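Written out below as structure tokens is the structure these notes cover.
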2 protein chains.
Amino acid sequence: MARLPIYLRALTTLAEEAVTTVSSEELASAAGVNSAKLRKDLSYLGSYGTRGVGYDVDYLVYQVSRELGLTQDWPVVIVGLGHLGHALANYGGFASRGFAIRALVDADAATVGTEIAGLRVRHLDGLEEEVRKHGIAIGVIATPAPVAQEICERLVAAGVSSILNFAPVVLVVPDEVEVRKVDMSIELQILAFHEQRKLGPERHGRLNDAVAELADAVST
Amino acid sequence: MARLPIYLRALTTLAEEAVTTVSSEELASAAGVNSAKLRKDLSYLGSYGTRGVGYDVDYLVYQVSRELGLTQDWPVVIVGLGHLGHALANYGGFASRGFAIRALVDADAATVGTEIAGLRVRHLDGLEEEVRKHGIAIGVIATPAPVAQEICERLVAAGVSSILNFAPVVLVVPDEVEVRKVDMSIELQILAFHEQRKLGPERHGRLNDAVAELADAVST
DNA sequence: TTTTGTGAACTCCTTCACAGCT
DNA sequence: AGCTGTGAAGGAGTTCACAAAA
């Protein structure tokens with residue numbers, strides 16, 4: 001149910017605009033999906049709509065939040081406070097969405113001890129203690145790629161079972177640990193791929209090899 | 001082919017380790033996918049493997065790069081230089097992967113004129129001029145959510161046809177414009193969902209309504 | 001013998017289309 | 001009359017399993 005957070009965001013926006021009721025058509029277009037898909041997705045949570053009317057916005061916000069586990073606050077640790085970790089620590093979107101950054105950890109002596117977003121950065125040595133002390137279940141890895149796997153293993157050993165990985169590596173974890181990854185280079189590369197396609201039909205792997213062959217055949 | 005960048009990263013790592021040949025099995029495990037899937041993906045680019053042997057790493061790096069359009073450098077503009085935009089501008093992974101950040105643009109007077117990662121930040125007013133001057137086709141939006149759609153429209157009007165969006169909104173664009181989005185809150189919410197599942201079987205939408213009903217039926 | 005490249009089967013997700021409520 | 005909830009159809013992507021090539 002990777003789309004629930006998008007629905008929740010659209011619903012929250014509607015609630016702020018004092019909208020009380022929304023149809024699947026309206027909500028779907030706000031979320032950028034097909035309305036049948038939205039209805040099917042919501043139907044997995046239960047029958048929270050009213051036929052002929054639509055969905056009650058506040059009620060649906062609550063139900064979706066509950067399904068996502070956002071009726072409680074999840075304590076989070078950020079490992080690695082370079083530019084990215086710094087940006088993450090300061091990102092306001094977390095607190096308002098059910099997450100509480102409880103610990104910041106870094107290996108760099110110049111960073112350790114500084115205060116970021118109201119929290120003091122602790123040395124990497126204290127990682128396990130911080131995880132246990134705050135009952136942290138979600139770890140964010142914003143370290144350089146070469147150390148990400150090691151940090152990941154330490155997080156898992158300390159009891160973390162969900163990891164959000166910003167380092168450009170494929171993390172190896174036990175089956176019961178959930179990993180999500182965010183890789184900006186990969187997103188840009190996907191865009192570059194589409195840009196290239198737009199430039200013209202020349203040189204596009206096998207498709208164009210076939211075209212070239214055809215052109216050859218025709219010209220002879 | 002959203003997986004090609006992952007294969008490319010694995011291949012680049014192998015090349016750095018002076019590995020010359022790799023089997024689909026090995027490359028697939030490095031990329032975290034099934035080997036049949038990897039072979040099928042690569043087969044769309046052409047037949048670049050040798051049966052009984054595997055793939056030549058350097059040759060495959062070249063072919064995948066070419067397919068992704070990374071044999072040329074793509075000029076990029078970053079709009080919004082808060083913590084996140086700052087982090088993106090300083091992220092070294094771009095330059096080494098076929099992208100060149102050519103312009104930085106922000107609306108905040110305190111940020112305009114400062115130098116970030118060797119580039120001077122220009123006022124938002126100059127957005128269109130920067131896009132034209134550098135022939136920019138890819139725009140990165142790292143602004144607050146409320147202005148993201150407006151920035152997006154200006155980028156598109158100026159000629160940008162691919163957008164990487166970090167603002168937590170669904171952007172509306174013409175069909176020919178490609179949008180990729182990165183939303184850290186959404187990734188965390190997906191993790192929270194899985195964390196909650198692990199906590200116990202109580203209260204999980206319709207599945208548990210069914211279980212509860214069954215329990216009722218049994219107890220009566 | 002080893003490993004690719006790929007038809008065929010399978011599984012999962014999406015969309016249609018409409019019966020059933022309000 | 002209007003909109004949800006959902007079976008059924010359709011499509012896309014994944015995995016199997018093996019023939020063909022080195």
Side-chain angles (χ1 to χ4, degrees), chain A residues 1-7 10-11 14 19-64 67 170 175 186 190 193-194 205-210 213, chain B residues 1-7 10-11 14 19-64 67 170 175 190 193-194 204-210 213:
Chain A
M1 282 300 132
R3 284 184 297 269
L4 286 182
I6 299 171
Y7 303 156
L11 284 166
L14 289 170
V19 176
T20 56
T21 297
V22 68
S23 71
S24 63
E25 201 73 51
E26 294 163 332
L27 184 54
S29 94
V33 301
N34 176 300
S35 70
K37 179 163 26 178
L38 177 119
R39 287 200 300 279
K40 188 144 277 185
D41 285 347
L42 293 183
S43 77
Y44 285 105
L45 317 187
S47 288
Y48 298 135
T50 309
R51 293 172 195 230
V53 179
Y55 300 90
D56 181 273
V57 174
D58 288 339
Y59 185 54
L60 199 51
V61 164
Y62 171 72
Q63 293 298 344
V64 175
E67 187 71 16
V170 176
D175 286 348
I186 284 182
I190 293 169
F193 172 75
H194 290 290
R206 100 150 15 176
L207 182 61
N208 288 286
D209 290 347
E213 214 168 280
Chain B
M1 282 304 132
R3 286 184 296 270
L4 285 182
I6 299 170
Y7 302 156
L11 284 166
L14 289 170
V19 175
T20 58
T21 296
V22 68
S23 72
S24 63
E25 202 71 52
E26 293 163 333
L27 185 53
S29 94
V33 300
N34 174 300
S35 69
K37 184 173 4 186
L38 178 122
R39 288 200 299 278
K40 188 146 277 189
D41 285 347
L42 293 183
S43 77
Y44 285 106
L45 316 186
S47 289
Y48 298 136
T50 308
R51 292 170 195 231
V53 179
Y55 299 90
D56 181 273
V57 174
D58 289 339
Y59 185 54
L60 199 52
V61 164
Y62 170 72
Q63 293 297 345
V64 174
E67 186 70 17
V170 176
D175 286 348
I190 294 169
F193 172 76
H194 291 290
H204 289 309
R206 98 154 16 176
L207 182 61
N208 288 287
D209 291 346
E213 211 169 284

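Chain letters run A, B, ... following the sequence lines, proteins first and then strands; every chain starts at 1. A quick note: this is a predicted structure, and the numbers were derived from the prediction, not measured.
- Straight-line distance from the CG atom of B:Leu42 to the P atom of C:dT4: 10 Å, rounded to whole Å.
- Here D:dG5 presents its C1' atom at 15 Å from CD of A:Glu25, a figure rounded to the nearest Å.
- In this structure, B:Asp41 atom CG and C:dT6 atom P are separated by 13 Å, rounded to whole Å.
- Using a 4.5 Å heavy-atom threshold, the side chains of A:Leu60 and A:Tyr7 count as separate.
- Side-chain atoms of A:Val33 and A:Ile6, non-hydrogen and from C-beta on, never get closer than 4.5 Å to each other.
- Contact between the side-chain N/O atoms of A:Tyr55 and the OP1/OP2 oxygens of C:dT22 is not found at any separation under 4.0 Å.
- Summarising the geometry, the separation between CE on B:Met1 and P on D:dA12 is reported as 12 Å, rounded to the nearest angstrom.
- Between B:Ser24 and C:dT4, a side-chain N or O to OP1/OP2 separation shorter than 4.0 Å is present.
- B:Tyr44 has its OH atom 13 Å from the P atom of C:dG5, to the nearest Å.
- Contact check, A:Thr50 against D:dT4: no side-chain N or O comes under 4.0 Å of OP1 or OP2.
- Contact annotation: the side chain of A:Thr20 never approaches that of A:Val57 to less than 4.5 Å [non-hydrogen atoms, C-beta and beyond].
- Rounded to an integer number of Å, the gap from CG of A:Asp56 to C1' of D:dC3 is 15 Å.
- With D:dT14, D:dA20, C:dA19 as the candidates, the nucleotide lying closest to the side chain of A:Arg51 is C:dA19.
- The side chain of B:Asn34 places no N or O atom within less than 4.0 Å of a non-bridging phosphate oxygen (OP1 or OP2) of D:dG13.
- Rounded to a whole Å, the CG atom of B:Leu27 is 13 Å from the C1' atom of C:dT4.
- Of the two residues near DNA chain D, A:Ala36 and A:Gly52, the one whose nearest nucleotide lies more 5' is A:Gly52.
- One atom, CZ of B:Arg39, and another, C1' of D:dA19, lie 13 Å apart when rounded to the nearest Å.
- The phosphate of D:dT14 has OP1 or OP2 within less than 4.0 Å of a side-chain N or O from B:Arg3.
- When distances are taken from the side chain of A:Lys37 to each of D:dT4, C:dT6, C:dT15, the shortest belongs to C:dT15.
- At a threshold of 4.5 Å between non-hydrogen side-chain atoms, the residues A:Leu27 and A:Leu14 count as touching.
- Between A:Met1 and A:Tyr44, the shortest heavy-atom contact is CE-CD1, 4.0 Å.
- Contact between the side-chain N/O atoms of B:Lys40 and the OP1/OP2 oxygens of C:dT6 is not found at any separation under 4.0 Å.
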